[in-house]
Structures are given as C-alpha cells and as structure tokens.
Number of protein chains: 2
Amino acid sequence: MNLKTLAQELGLSQTTVSRALNGYPEVNEATRQRVQQAAARYNYRPNSRAKGLATGRAMMIGHVIPASTRHEMVNPVFGDFVGGASDAYARHNFDMMFTRVADGNDESTYRELKAKRAVDGVIIQGPLVNDARIPLLNALDLPFVVHGRSSGIDEPYSWVDVNNKRSFQRATEFLLDLGHTRIGLINGLEHMDFAQRRRDGYLAALKARGIPTDPALMRSNEMTEVFGHHQTRHMLQLDAPPTAILTSSMISAIGVRRAIEEAGLKMGRDISIITHDDELSYLKNGQDVPIFTATRSSVWKAGEIAAEMLLSQINEPANVPQTRLLEAELVVGRSTGPAPQG
Amino acid sequence: MNLKTLAQELGLSQTTVSRALNGYPEVNEATRQRVQQAAARYNYRPNSRAKGLATGRAMMIGHVIPASTRHEMVNPVFGDFVGGASDAYARHNFDMMFTRVADGNDESTYRELKAKRAVDGVIIQGPLVNDARIPLLNALDLPFVVHGRSSGIDEPYSWVDVNNKRSFQRATEFLLDLGHTRIGLINGLEHMDFAQRRRDGYLAALKARGIPTDPALMRSNEMTEVFGHHQTRHMLQLDAPPTAILTSSMISAIGVRRAIEEAGLKMGRDISIITHDDELSYLKNGQDVPIFTATRSSVWKAGEIAAEMLLSQINEPANVPQTRLLEAELVVGRSTGPAPQG
DNA sequence: GGCGATATCCAAAGCGCTTTGAAAAGTGAG
DNA sequence: CTCACTTTTCAAAGCGCTTTGGATATCGCC
C-alpha cells in the first residue's frame, strides 16, 4: 500500500492524503478522519526512504563503534548509555543506526555518513584526550554531541559529561578524612579523557593535603574484572601496600574485591574501596545499602540527556553548542572505613 | 555533491556515471577511471535514501529491543551477539538499526518496520517458549533469523542456536561422574526458551542415573550477579546443601562464587561450579586455565552466523529456512572436583 | 564500401513521498 | 446575484538515485 493507491482508493489527491496524515490545517476535519481511518485499515505507513528523500531528513542518529577493541560495543557502559539515548530517540520517532568501523577508518566513516546523508546527527562516545573526531565533525558540519569532553580541543562543541575531576577529588578527600594516606588508583586507559580527569582529581586531593604520590599506586588500563584483580594483587604485595583503593568502574571493583578476599583481608575494615558507579542496569551496587562506597552518576541518564541535546540541535541548529556538566553523588556503602592503625 | 552535478562536471550522463560507479560492464574502462577519480575528488557518495528508493533495498537490518526490561539492551550477552552480527553486516555494507519498543508493542513495531520498508530483515533475540514474534514475522513476510529457538512453534523458521539441552546434560553427567549427587541449578527466566532446554538437559542426566530431583535446588530468574549470590546462599543453608552448582551465566557464577567464599568454602574443593560461558568479550573466564569449568559457546560467533544467514536469505529468498545448531564445548577449569566425602 | 554485431553512451521514466502554486468550492456582505 | 475572501482540494515539480529502451560510434569482415 502506498500513497498513490491509498489516494485513489479514497478518491482524493496524494496531496490531500499526505496533508491529512501529517496534520496540516488546510484539510477538512471530516476528510482527515476518512483518510486516517483508511490509512489504519490498510495499515499504511509512508515509505521511510521516500519520505526521507522528500524531506531531507533521515530521522536517524548514527553511532559509530570502533572495531579496534571488541570491548567497545559490548562494554556495559556503552550499553547503558545507548539504552538511555534510544529512549529519547523513541520519544521523537527517531531511530538509531550503528556502524562498526575498522580501526583508523573513523574519518572516512564520518565523511561517508555525511555524504550519504544517512543520519541527521551522531553521538561521540568515549572521547580521547585531543580527540580528532571533534574538529572533523565540526568541519563536516554534521550535528553531534560528545559523551564526555576532550581535553586539548579548543573549538566549541556540544557535550554532556560528569564532573570526573571533582568526583574523584571528593572521593580521595573522603578517604583522606578517614585517615588513609596510601591510596591506590585503578583507572581507565590513560588516553581516555575521563581517566585523565579522574587522575587529576585524585592528584589534586593528595597535593592539597601534602601527601606524596607514588607511581606504584597508580595503574591504568581497560577496566575489566581481571585488571582490577591483577593490579590489586600487585599492590597488596608492595612493601607499603595501600589501605584504600579508588577504582574507575564497578567491574574492576569486583576484581579488586576478589583480590582482597583472596588475600584474606576484609573489605571496609582492612582495606577500603571507592569505585565509580555508572548505575548500570544489570550491575546494581547492592540492594538498599550499597556494597561499595561510590561516586555515582547514571550513564543511562547521560545517554538520554545527550540524545535530547542532539535532537534539539537538529531541530534548531541555532542553539549550538550546548554543554551539560553533571555532578556525581558520593554515596557511602560498606566498602570504606577508617584506615587501620599500624 | 550529487549524481547530477557530478555528471555535468564530467560531461557525462547520470546513467554512465552511475554505471561506472556501480561496476557495470557497459562503460569504457577509461571513462570509469575518470568517473571514479572525480567521485573520489569530490568525495561523492550516493544519497542512501535515494538509492534505497530506487533499488528497493534498505541495506539495513533491524533489531527490536523490548524496553520492558532495561536489561535487554544492556545485557552483555546481547551486546556480544550484536557485536558479532555487526561485523557481518559491515562486510556486506549493511547497517544495523535499533528500535526500542514499549512493552507489548512488538507487533505494531514489526508491522511498521515492514510497512515503512525501513529494513530488509530483522533478527529476533531472546526467544521465549512459544514466541509470538515468529508467526507474526512469517505472516508479514519479513525476512528474519532467530537467535535461539522457540519450543511450541511448529511452523518453519530460520534459527541459530546452541545445543543447550545437550550441553547441560553433559555438564550434569560430568558432575555425576565426579560423585556429586546434590546438584543445584541456577537458571535463567523460565519463559526463556534456552532456560527450559537447559533444565531439560539437567533433568535428563539426573533421570538417567536415577537421581531424584529436588525443587529446592532449582532456581530461575534473570541472571545477575546478585541472583547467583542470593540463591547460592539459600541453597547452602539447606539441610542437605548441594555439593555442586550448575549456572546459566558467568555473571551469576561470579555471584555463586562470592556466596561460596563468604561461607568459608573453597570452590572446586568443597563445592563445584559449572557455568555456561558465552565467551563474552569483556568477561573472560580466566587467562590460560579457565577459572570456571564451563560449557562454552561464543555468542559473538553466533551473532556473526545469524547475520550471515539473514543476509543470505535477503539475497536469495529461495533458501529459507536455514538452521544451525552449535555444539558447546565442555572445558575444564578450576571450579570442579570430586564430591567431598561426607 | 556496406553490413551486422558490439561497445559505449544517453534521455527519460520511475521509486514514493512532500510541497508549491493554482484551481475549485464555499461563505458572507452588499 | 455578485464580489471578495476563505476553505478545501488538486496537478505537477522535485528529492537523488537506478534502469529501461534507444541512439550513436566503433569494429571486423566479406
């Protein structure tokens, strides 16, 4: 069923039928009813490609996923962010498109997306320090919103980010207040912008109290369970092991806990943990009382906000760029306690 | 830049330019070179909607995600499957589209996808027992492949599945051979088809050895870490606690292990665990020697296979339906050992 | 030198929609 | 009953591509 035959069926022109369905005022209310009923009866939906061609709108948002690290697509943080975004898209009748791209082909992928007019805008996830995608997309004039920020980029762009520096600074101060002075940091990959900001927060808090930093206590890598476990085991074997560990994700925190328990220590008594908690849907931090003391900020929510921002910019290109800085809350769980005496 | 102006620029007709770029033979090789170079120079890409309208192909595969359970999209199994699928799509220049759908609106969503011609085919994930989507899609005549099967559906359809029954039967037999007779089953939601098949395998193995089944040892729910932990704690408090536990996912196995360790028991000595391991990219089962003994089958790979199957059906509607049953391997890790004497 | 076959290119139609500009129908005042 | 307006409908152009059915140029061969 298409417009043409539907119009014939109704004895009307395509114009009138189209307008009736799209809510234009210049069509008699009675006719509109007739048209809508017929459309429902025949289960008519305008062909999305034809409509897109005529309107110039794709009604589609692109997400580009680097294939480099398999993890990216599969990363639970990624999943939750995308879940939130797609809620927003659904509200506006947009769809989301995923393109996996071989390593290093980002640029041509974005160019292609633009040239093909496949999407109305894109979301950038996991920005690096000095991320080349930002100047590229600005140059391409393709609407975009970044989840996170990119240190070193001067030009304006739209972003939604958590105040990573502040939240890790607060978490570190919290541990310092409990008397901890040897605090480990198990962080994400160093070239990721968020990891750098978290480290900055950690360092700032230590510096403010005149606590020296120890490179042996600062590790960064992809935040898997195994990584958390591995690094914790190493740190515990140091001559002066940490009494507290700060980690960048719940997943690695699970590994940290595992290493602690394997060492016969008790979390929250012998050694404290604070983790960043993205409030992942399938990885809840305990039921009522959180297992881990955590800096908490919902990445699902961030996805919604970023998507709404992007859609608003597509509709109103005037109000670009927009930015939004979210503050993480510091929630106290059972994984922190006063530094052990000794 | 579009075909028309590119053709003008070259002093050729749109026909020739189009054919040159699409590799048709009836164009002089020299001209083709000229055209390709010009296309590259202007960074020309055919407008995907126009192309789709002309060809009737969307070059897009749909994935519909029920919003009911937030978990769905975020579920790591989902993520890995989709990762594998998108690898296959990328090879064939297809893109993937995600539509989140409010609970219970599946039917209208699929109808709409069909009517709008938004996609060339869809993938069904997480089939239930007697899943209504299968007859619907058959009726709609929209190409689809199911990841898993649906017991109770008679009509033919294409699927890719792991031999869940057999693999859990083998795992159970393995435990029985080690002398275990009280074996717990921590399974996925009962209305999920895979959970039912796994239970069947478990029951078949017990029955073959004349071991009575105990409902107190069979639990099913969404497979979170917390669920594994919670159920294990309960089971360990029984008068006759299990000496082995079979669980349906690595994530809940982690919870199982936590409960075991909290109880002061040692995994692999006091109590054995076998888990199903989907070989999730970010949740590896140990490095060289697996942590958990596991029935192993890569869900990433399954995604690739399902996607290839769907694409082949789109190109060749004749060879429908196809099916593919994957056998899981049983890999021995450090989580199993002989049943403790007692 | 002419003829059929082949290689190369082109004009125009068509995919299914939106939207412009105009026509037809209806309305109320004079 | 007319005229000026508003309301309602329509024909046709256009979005950017593919593809059909020719047209034109080239070639081998007798």
Side-chain angles (χ1 to χ4, degrees), chain A residues 1-36 38-39 42-60 93-95 112-120 315, chain B residues 1-36 38-39 42-60 93-95 112-120 315:
Chain A
M1 176 56 63
N2 59 14
L3 228 208
K4 189 171 172 186
T5 61
L6 180 62
Q8 283 171 350
E9 209 74 28
L10 281 161
L12 287 170
S13 75
Q14 296 189 37
T15 312
T16 306
V17 175
S18 170
R19 289 189 153 149
L21 293 173
N22 288 316
Y24 282 76
E26 56 268 82
V27 41
N28 191 330
E29 200 47 40
T31 346
R32 189 192 304 279
Q33 296 293 337
R34 257 181 67 219
V35 172
Q36 281 174 343
Y42 291 110
N43 193 36
Y44 167 78
R45 299 295 154 85
N47 180 308
S48 55
R49 284 188 300 289
K51 185 163 186 162
L53 184 56
T55 59
R57 277 294 186 78
M59 299 305 280
M60 179 92 71
N93 289 314
F94 270 68
D95 287 306
E112 185 169 329
L113 241 33
K114 166 76 180 184
K116 283 166 62 177
R117 310 257 138 129
V119 299
D120 298 316
N315 289 323
Chain B
M1 176 54 63
N2 59 15
L3 229 209
K4 189 172 170 186
T5 61
L6 180 62
Q8 284 171 349
E9 209 74 28
L10 282 161
L12 288 170
S13 75
Q14 295 189 36
T15 312
T16 306
V17 176
S18 170
R19 289 190 154 152
L21 293 174
N22 288 316
Y24 283 75
E26 56 269 79
V27 41
N28 190 328
E29 200 47 39
T31 339
R32 189 191 303 281
Q33 295 293 337
R34 255 182 69 219
V35 172
Q36 282 173 340
Y42 292 111
N43 193 35
Y44 167 78
R45 299 297 153 86
N47 179 309
S48 55
R49 285 188 300 288
K51 184 162 186 161
L53 184 56
T55 58
R57 277 296 184 78
M59 299 305 279
M60 179 94 71
N93 289 316
F94 270 67
D95 287 306
E112 186 170 327
L113 240 33
K114 167 75 179 183
K116 282 165 64 175
R117 314 256 139 134
V119 299
D120 298 316
N315 289 324

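Proteins get letters first, then strands, A, B, ... in listed order; numbering begins at 1 in each. The shown structure was predicted, so the numbers you read here are calculated from the model rather than taken from an experiment.
Residue B:Asn28 contributes atom CG, which lies 11 Å from atom C1' of D:dT26 at whole-angstrom precision. Computed from coordinates, the A:Gln14 CD to C:dT20 C1' distance equals 15 Å when rounded to whole Å. In this structure, A:Tyr44 places its OH atom 7 Å from C1' of C:dG16, rounding to the nearest Å. Rounded to whole angstrom, the span from the CG atom of A:Leu3 across to the P atom of D:dA12 amounts to 17 Å. Distance, A:Lys4 NZ to C:dC15 P: 6 Å, rounded to whole Å. At whole-Å resolution of the value, CG in A:Leu53 and C1' in D:dC15 are 4 Å apart. For A:Glu29 and D:dT9, the CD to P distance is 11 Å, given to the nearest whole Å. Across the protein-nucleic acid pair, B:Leu10 atom CG and C:dT8 atom P stand 17 Å apart, rounded to whole Å.
With C:dC17, C:dC10, D:dT18 as the candidates, the nucleotide lying closest to the side chain of B:Thr55 is D:dT18. Minimum atom distance to the side chain of B:Thr15 is reached by D:dT20, of the listed C:dC17, C:dG16, D:dT20. Distance from the side chain of A:Arg19 is smallest to C:dT20 among C:dT18, D:dC17, C:dT20. Comparing atom distances between the B:Glu26 side chain and each of C:dC9, D:dC15, D:dT18 picks out C:dC9 as nearest. Which of D:dT18, D:dT9, D:dC17 sits closest to the side chain of A:Thr31 comes down to D:dT9. Comparing C:dC9, D:dC15, D:dC17 by their nearest atom to the side chain of B:Val27 picks out C:dC9.
Residues A:Gln36 and A:Thr31 fail the side-chain proximity criterion, which asks for heavy atoms closer than 4.5 Å.
Put simply, A:Tyr24 has no side-chain N or O that comes within less than 4.0 Å of OP1 or OP2 on C:dT20. The side chain of A:Lys51 contributes an N or O atom lying less than 4.0 Å from OP1 or OP2 of C:dT18. When the side-chain nitrogen and oxygen atoms of B:Asn2 are compared with OP1 and OP2 of D:dC15, none of them lie within a distance under 4.0 Å.
Side chains of A:Thr16 and A:Ser13: a donor-acceptor N/O pair is present below 3.5 angstrom, by distance only.
Residues B:Arg117 and B:Arg32 both approach DNA chain C. Their nearest nucleotides, taken by heavy-atom distance, put B:Arg32 toward the 5′ side. For B:Asn47 and A:Ser13, each mapped to the nucleotide of DNA chain D holding its nearest heavy atom, the one lying further toward the 5' end belongs to A:Ser13.
Between A:Leu53 and B:Arg49, the shortest heavy-atom contact is N-NE, 3.7 Å.
Annotation: A:Arg45, atom CZ; neighbour count of heavy atoms from other residues, nucleotides and ligands within 6.0 Å is above 12.
B:Asp95 places no side-chain N or O within donor-acceptor distance of the main-chain N or O of B:Met60, the cut-off being under 3.5 Å.
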